[in-house]
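Position 1 is the first residue of the sequence, and the numbers go up from there. In what follows, every heavy atom counts, from backbone to side chain, and hydrogens, waters and symmetry copies are set aside.
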Amino acid sequence: MIRYPRRTLLRAGAAFAGAAALGFPAIVRAQADKIRIGHLTPLTGFLGVIGGYAQLGVKLAAEEINASGGILGKQIDLLSEDSINPATAATKAQRMLEQDGAVVLLGEISSASALTIMQVAERNKKVFFSTGARSDALRGKSCNKYSFHCDIPNTVMVNAVGTALSQQGMVKGKKFFTLTADYIFGHDLLKAAKAFFGAHDANLIGDELIATDVTDFSPYLLKVRQAKPDVVCCNLAGNQVTNLVKQYAEFGFPYPLVGFNLNTGDAWAAGAGNLSGTWPTVWYHTLQNPTSQAFVAAFTKKYGKPPENHAWIDYITLKLLAEAINTTKSTDSGELIAYFEKQAQFDIGKARKAYFRAWDHQLVQEAYPFTVKPKDQMKDQWDMLVLGEAVPAAKDPLETIYPTKEQNPCEMKA
């Protein structure tokens, strides 16, 4: 053990006390004058393109909130980082809460990463808004009281597209072949698709699980050719959808390609003339709604391009969070949870307001099927999609397209 003279220790202690008196209060005051919010989203890997849009959306929301006076009179200090993978996402989430002083977490697209952040939020008793992860399991068997889910779940995406396909006579008695991402999201989406096929007299004649790092789909497309289905269904994610769509067009198959998952950033990346069929979306920038169009105008002015659906959902999530904190006058997790569980309604730029269900913390909202414009009708590279009618229909309750309590094994712990 190293021993120091008593006089040296006293001098060191006095110096430390002086530094604390001069510097630390200023740091504490600076932190107290702001509300720190942790944001995680993939900026690299197969989800990196759409994660980039999510980051732009949440930054715009923070700037607008700060310009209008902040939250509780305090400015937002947004900590936005690349989640990279599930392990890194969990590590960063823990650091944001424990060391950086974040009062709440939001973000993520990968269902696998969202699950690890949910676990961190529960351990730390802090609220987490999962903005882009769609696995039913997250709001099902893996649910917890500190996690809220803002994107539409897999079951809703399947129901939105399935309803549109049924109206076109493309489900009953038809043979389907699915191509599925081999991780929690894809497995979950395939489960929802099988349930839909079974309930609507469709036949699943083949499925291929595909690793998320696969870029050459020719071996799987050769299997599609051998199977000769009526419809091919894409259950992939991120830039894999883009790659599949391009290669599918090159094969020139007579079987229509549809999908139970597609983000508009990936659709744009596929390029004009490559994408076809019917797909689901939670939002699109042509949606005619005053709140929605104001966001589109602000985003386009700032970034020189229209917002993708992840930009929108991260934007509206921070906006509704700010509204909740201002209403409750608190950042306490318990008070925020109680407020959201009262099913307070929020304007999210759609025809009907949205609310979180108390028992599984799912944001209940409209969804949409969309089809693809012919190349010669596109005004620009982003004018690719045509929104269908909102699902459910205006006369039907919003929850009709969501899993019921009987279908969803969520057991929220007290």
Side-chain angles (χ1 to χ4, degrees), residues 42 46-54 109-111 131-136 150-165 168 170 176-181 183 185-186 188-190 192-193 196 210 212 214 217 220 231-249 255-287 306-313 365-373 375 378 381-391 401:
F46 75 110
L47 297 172
V49 171
I50 53 180
Y53 276 100
I109 298 173
S110 162
S111 292
T131 55
R134 293 172 171 170
S135 170
D136 284 331
C150 304
D151 207 343
I152 50 177
N154 284 341
T155 291
V156 171
M157 293 196 299
V158 170
N159 287 341
V161 173
T163 299
L165 293 177
Q168 299 168 34
M170 292 177 61
F176 281 78
F177 195 107
T178 53
L179 301 170
T180 301
Y183 76 113
F185 162 79
D188 196 86
L189 186 57
L190 179 59
F196 182 85
I210 303 174
T212 57
V214 168
F217 293 94
Y220 306 101
V231 183
V232 177
C233 184
C234 172
N235 291 333
L236 301 176
N239 63 13
Q240 283 201 305
V241 180
T242 304
N243 292 332
L244 172 67
V245 165
K246 291 179 178 178
Q247 293 172 41
Y248 196 90
Y255 338 112
L257 176 67
V258 302
F260 288 139
N261 176 61
L262 183 65
N263 293 292
T264 48
D266 299 320
W268 295 333
N274 290 320
L275 187 67
S276 62
T278 302
W279 305 74
T281 189
V282 65
W283 179 87
Y284 193 55
H285 70 276
T286 60
L287 186 62
E308 194 259 4
N309 53 276
H310 284 289
W312 166 80
I313 204 159
Q365 59 183 302
E366 296 170 320
Y368 311 87
F370 65 75
T371 52
V372 184
K373 279 188 177 183
K375 184 177 180 180
M378 292 174 55
Q381 67 191 88
W382 298 290
D383 184 33
M384 182 180 286
L385 311 176
V386 180
L387 278 182
E389 293 296 321
V391 180
I401 60 172

Minimal non-hydrogen separation, [X] against [Y], with atom names:
X    : Y    : value
G265 : I50  : CA-CG2, 4.3 Å
P280 : G259 : CD-O, 3.1 Å
A270 : K246 : O-CE, 3.5 Å
G388 : Y368 : O-CD2, 4.0 Å
A367 : I152 : CB-CD1, 4.0 Å
A133 : S110 : CB-O, 4.1 Å

Before giving the answer on side-chain contact (heavy atoms from CB on, under 4.5 Å), spell out for E308 and W268 the whole-Å C-alpha distance, their side-chain angles and the decisive distance to 0.1 Å. CA-CA 9 Å; E308 194 259 4; W268 295 333; 3.9 Å; yes
Got a second to check how far [X]'s [atom1] is from [Y]'s [atom2], nearest 0.5 Å?
X    : Y    : atom1 : atom2 : result
H310 : T264 : NE2   : OG1   : 8.0 Å
F46  : Y183 : CZ    : OH    : 4.0 Å
T212 : F185 : OG1   : CZ    : 12.0 Å
L47  : N263 : CG    : CG    : 8.0 Å
I401 : T155 : CD1   : OG1   : 10.5 Å
L385 : T281 : CG    : OG1   : 7.5 Å

Would you sort out whether M384 and K373 count as a side-chain contact (heavy atoms from CB on, under 4.5 Å), showing the intermediate values? CA-CA 5 Å; M384 182 180 286; K373 279 188 177 183; 5.8 Å; no
Determine whether [X] and [Y] make a side-chain contact, defined as any pair of heavy atoms from C-beta on separated by less than 4.5 Å.
X    : Y    : value
V232 : Y248 : yes
C233 : F260 : yes
T131 : D151 : no
W312 : P307 : no
V258 : L165 : yes

Sidechain-backbone polar pair: [X] side chain, [Y] backbone, donor-acceptor under 3.5 Å:
X    : Y    : result
S135 : D188 : no
Q168 : M170 : no
Q247 : F217 : yes

Review item, side-chain donor-acceptor pairs of residues 234-245, under 3.5 Å, at least two apart:
| residue | atom | partner | partner atom | Å |
| --- | --- | --- | --- | --- |
| N235 | ND2 | T180 | OG1 | 3.3 |
| Q240 | NE2 | A211 | O | 2.8 |
| Q240 | NE2 | V214 | O | 3.1 |
| T242 | OG1 | D266 | O | 2.9 |
| N243 | ND2 | N239 | O | 3.3 |

Report the relative orientation of the aromatic rings in Y284 and F370; use parallel for angles under 30°, tilted for 30 to 60°, perpendicular for over 60°.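 Because their plane-to-plane angle is under 30°, the rings of Y284 and F370 count as parallel.
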Is there a side-chain contact (heavy atoms from CB on, under 4.5 Å) between V282 and R134 once you walk through the steps? CA-CA 11 Å; V282 65; R134 293 172 171 170; 4.3 Å; yes
Using the side chain to side chain contact (heavy atoms under 4.5 Å, CB included) rule, pick out the option among N154, D136, T178 that qualifies with L189.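 Of N154, D136, T178, side chain to side chain contact (heavy atoms under 4.5 Å, CB included) with L189 is met by N154 alone.
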Report the C-alpha distance between I210 and Y220 in whole Å, list the side-chain angles of each, state the deciding distance to 0.1 Å, and finish with yes or no for side-chain contact (heavy atoms from CB on, under 4.5 Å). CA-CA 9 Å; I210 303 174; Y220 306 101; 3.9 Å; yes
